[in-house]
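First the structure, in the form of structure tokens, and then the observations on it.
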Amino acid sequence: MPAVGRLWPVGVRPTVVRGWEPPATPYGPGHRGVDLAAAAGDPVRAVAAGRVTFAGRVAGRGVVSVDLTGTGDPPLRTTYEPVRASVREGDEVEPGDVLGVLEPSTAHCPGPCLHWGLRRGDAYLDPLSLLPPWLLRAGPSRLLAVEGVPVPESVSVSVP
């Protein structure tokens with residue numbers, strides 16, 4: 001799976017409330033996406049460039065679907081719900097473009113969450129596989145000392 005995503009669809013590093021659980025059979029139980037903790041009203045962003053193929057209501061919930069550019073035939077399709085869409089079918093989006101805002105709903109999670117899905121044709125895939133490893137890692141970045149690099153005289157360095 002190509003890591004075509006450039007950012008999370010909500011927040012900076014949201015908590016994964018429920019992970020992807022592929023069903024054993026096409027109609028079997030499972031979780032065909034991931035749930036990301038977020039607050040109602042938070043912006044929901046496109047994780048990669050693509051074209052909006054659906055923006056509307058399904059079973060009373062707002063849904064946005066985006067076919068990702070350059071991901072083959074059939075293309076990878078991301079889905080986001082529950083979202084009050086600010087985009088329309090046919091709109092082209094870039095990574096980080098706002099698709100809409102998270103609707104208040106606790107029907108799917110204990111609290112507000114975004115259900116983020118990924119498909120290729122009829123096959124459901126793990127949407128986290130779209131993100132590069134550096135975006136999935138937890139914790140802050142750390143700078144390491146580099147041996148043999150001179151330090152300018154105007155900089156004082158203390159080594160513990």
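This one's a predicted model, so the numbers in the text were calculated from it and none came from an experiment.
- When the shell of 6.0 Å around CZ of Arg84 is examined, it contains 12 or fewer heavy atoms from other residues, nucleotides or ligands.
- Side chains of Leu102 and Pro82 form a contact here, defined as non-hydrogen atoms less than 4.5 Å apart.
- Residues Leu128 and Trp20 form no side-chain contact, since every pair of their non-hydrogen atoms from C-beta on lies 4.5 Å or further apart.
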Inset, instruction - Given side-chain contact (heavy atoms from CB on, under 4.5 Å), test Leu68 with Leu130 step by step and report yes or no. - result: CA-CA 11 Å; Leu68 303 183; Leu130 289 175; 4.0 Å; yes
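- Cluster annotation: Leu125 and Val64 are assigned to the same hydrophobic cluster (Ile/Leu/Val/Met/Phe/Trp/Tyr, side-chain heavy-atom contacts under 4.5 Å, transitive).
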Inset, instruction - Give the intermediate values and the outcome of side-chain contact (heavy atoms from CB on, under 4.5 Å) for residues His115 and His31. - result: CA-CA 10 Å; His115 179 82; His31 192 237; 3.5 Å; yes
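- The minimum heavy-atom distance between Asp97 and Glu92, with the atom names listed, is OD2-O, 4.4 Å.
- Linking Ile, Leu, Val, Met, Phe, Trp and Tyr whenever their side-chain heavy atoms come within less than 4.5 Å puts Leu135 and Leu114 in one cluster.
- Following chains of ILVMFWY side-chain contacts shorter than 4.5 Å, one can reach Leu76 starting from Leu136, so the two form part of one hydrophobic cluster.
- Note that CD of Glu21 is 10.5 Å distant from CG of Asp126, once rounded to the nearest 0.5 Å.
- Checking side-chain atoms of Thr78 against main-chain N and O of Leu118 turns up no donor-acceptor pair under 3.5 Å.
- Scanning both residues, Ala85 and Ala55, for their nearest heavy atoms gives CB-CB, 4.0 Å.
- Under the 4.5 Å side-chain contact rule for hydrophobic residues, Val10 and Val83 share a cluster.
- Leu7 and Val16 end up in different hydrophobic clusters when Ile, Leu, Val, Met, Phe, Trp and Tyr side chains are linked at under 4.5 Å.
- Note: Trp116 and Tyr80 have parallel aromatic rings, judged against thresholds of 30 and 60 degrees for the angle between ring planes.
- The distance from the CD atom of Glu81 to the CZ atom of Arg57 is 10.5 Å, given to the nearest 0.5 Å.
- Taking all atoms of both residues into account, the shortest heavy-atom contact from Pro112 to Ala40 is CB-N, 4.1 Å.
- At least one donor-acceptor pair closer than 3.5 Å links the side chain of Arg120 to the backbone N or O of Pro74.
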